[in-house]
Amino acid sequence: MTVRFRFAGLLGLAGLLLAGAAGAHGPEAKAVKARLDPLPAALAGVDAQVQTTVAPQLVVANDSDRTLEILDGEGRAFLRIDRGGVLADLASPAWYRGQTAARGVPLPDGVAQDAAPRWAKVNDRPHWGWFDPRLRTDGVAVPHDLEHAGRPARLADWRVPVRRAGEASALAGSFRYEPLPPGRFLSRLTSDPVLTERVTVTLAPGTVPALHLHNQGEKPVVVADARGRPWLRVGPGGSFLNAAPEAAEAKWVKVAGGPRYTWTEPRAAYAERWPSAAVLDAGERARVSTWTLPVTVGDTPVAVTGEVLWVPGERVADSGHHH
């Protein structure tokens with residue numbers, strides 16, 4: 001399962017603790033983003049993301065019995081994450097500072113860097129998200145020449161030390177200058193929107209395009225996920241999502257009463273924020289990627305294909321990915 005789906009809805013864990021953050025400097029000031037590098041081999045089996053709400057959040061899952069400890073800047077653990085859930089050191093200042101994007105968080109009595117640890121379970125599930133101050137972007141300066149060039153660039157690095165079953169490692173990444181590109185990506189269908197008689201698919205372009213499937217026929221239409229497993233079934237009798245994608249047999253749960261369904265489809269989007277330098281320098285409309293959606297009507301595979309075009313000269317507002 002990809003990180004994107006595993007963390008669906010997880011940002012609420014830290015997002016519920018945003019009180020006081022509204023007065024903080026905007027996390028996207030000067031288009032500086034905190035990005036996560038690939039995880040080292042020592043963290044195999046750990047999933048991690050950087051997500052940005054009012055500020056960058058680290059979101060980590062460790063569904064194994066090898067405890068992952070998150071350390072503060074002085075090497076003190078303030079989070080422990082494993083299959084049994086999440087423990088927090090309620091005596092650690094880092095624990096409280098990670099619960100809001102605001103600066104100058106007041107600390108309760110008994111909380112200090114040298115206080116004895118007080119571990120308590122804060123989640124029964126093996127994942128957590130927090131605002132780590134080491135990922136703040138509002139203090140990262142962008143050199144004037146980079147702003148003038150208007151091209152993405154790596155500005156600096158960040159690092160959050162961890163321990164996995166006692167072995168030292170780190171979550172690490174970079175601060176990148178990522179201005180809006182001088183154009184937009186346009187996704188469109190290249191296959192026939194009429195899949196079979198009485199079954200149609202249409203696409204609405206966007207940062208993450210939306211697909212609309214309408215089945216007026218008598219055979220079910222099934223859309224597979226990125227790993228080829230049954231994900232969505234449309235008609236007859238409604239629309240259904242597979243609640244057990246890992247199981248041998250699909251467990252269909254009804255999500256709509258009619259034989260039509262609309263969803264945002266990341267596979268139909270361009271994976272990068274900017275086109276290649278060659279495409280950018282050419283200054284012309286160009287195809288930058290193609291995509292395919294596995295669909296079956298009854299027992300018959302049907303190809304749903306599309307392409308993504310780069311359209312220069314049309315800036316669009318940045319909107320986050322969602323699913």
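Numbering starts at 1 and runs along the sequence shown. Small disclaimer: the values here were computed from a predicted structure and weren't measured.
Both Val50 and Val46 belong to a common hydrophobic cluster when Ile, Leu, Val, Met, Phe, Trp and Tyr are linked at side-chain heavy-atom distances under 4.5 angstrom. The hydrophobic cluster containing Leu211 also contains Val295, counting ILVMFWY residues as joined when their side-chain heavy atoms lie under 4.5 angstrom apart, directly or transitively. Using a 4.5 Å cut-off between side-chain heavy atoms of Ile, Leu, Val, Met, Phe, Trp and Tyr, with links allowed through other members, Trp231 and Phe240 fall into different hydrophobic clusters. In this structure, Leu87 is not a member of the same hydrophobic cluster as Trp95, with clusters built from ILVMFWY side-chain heavy atoms closer than 4.5 Å.
Listed here is the closest heavy atom pair of Ser187 and Ala268: OG-O, 2.7 Å. Between Leu186 and Pro205, the shortest heavy-atom contact is CD1-CB, 3.7 Å. Summarising the geometry of Leu79 relative to Trp128, their closest heavy-atom pair is CD1-CD1, 3.9 Å, with the distance given to 0.1 Å. What you find for Val122 and Ala88 is that their closest heavy atoms are CG1-CB, 3.8 Å. When all heavy atoms of Arg134 and Phe78 are compared, the pair lying nearest together is NH2-CE2, 3.9 Å.
Within the model, atoms CG of Leu195 and OG1 of Thr300 stand 11.5 Å from one another, a figure rounded to the nearest 0.5 Å. Remark: His127 NE2 to Asn123 CG distance equals 6.0 Å, nearest 0.5 Å. Atom-to-atom distance recorded for Asp63:CG and Arg125:CZ is 9.5 Å, nearest 0.5 angstrom. Rounded to the nearest 0.5 angstrom, Arg184 CZ and Leu180 CG are separated by 14.0 Å. Note that the CZ atom of Arg260 and the OG1 atom of Thr200 stand 9.5 Å from one another [nearest 0.5 Å]. The OG atom of Ser289 lies 13.5 Å from the CZ atom of Arg267; values are rounded to the nearest 0.5 Å.
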For residues 150-162, dump all side-chain donor-acceptor pairs below 3.5 Å to protein atoms at least two apart in sequence or in another chain.
unit_1: Arg151; atom_1: NH2; unit_2: Asp281; atom_2: OD1; d: 2.9
unit_1: Arg154; atom_1: NE; unit_2: Asp157; atom_2: OD1; d: 2.9
unit_1: Arg154; atom_1: NH2; unit_2: Asp37; atom_2: OD2; d: 3.3
unit_1: Arg154; atom_1: NH2; unit_2: Asp157; atom_2: OD1; d: 2.9
unit_1: Trp158; atom_1: NE1; unit_2: Arg35; atom_2: O; d: 3.2
unit_1: Trp158; atom_1: NE1; unit_2: Ser174; atom_2: O; d: 3.3

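Of the N and O atoms on the side chains of Thr305 and Thr292, not one donor lies less than 3.5 Å from an acceptor on the other residue. For the residue pair Asp72 / Gln113, a side-chain donor-acceptor distance below 3.5 Å is found, with atom types taken as modelled. Counted by atom type alone, Arg164 and Ser64 present one or more donor-acceptor pairs between their side chains at under 3.5 Å.
Remark: Glu307 pairs with Arg188, Arg287 by the salt bridge (charged side-chain N to carboxylate O under 4.0 Å, His left out) rule, at least two apart or across chains.
Paired with Asp89 under the rule salt bridge (charged side-chain N to carboxylate O under 4.0 Å, His left out), one option of Arg76, Arg118, Lys121 passes, and it is Arg76.
Tyr96 places a side-chain N or O within donor-acceptor distance of the main-chain N or O of Leu90, the cut-off being under 3.5 Å.
Checked against the 6.0 Å centroid threshold, Trp310 and Trp274 do not count as a close aromatic pair.
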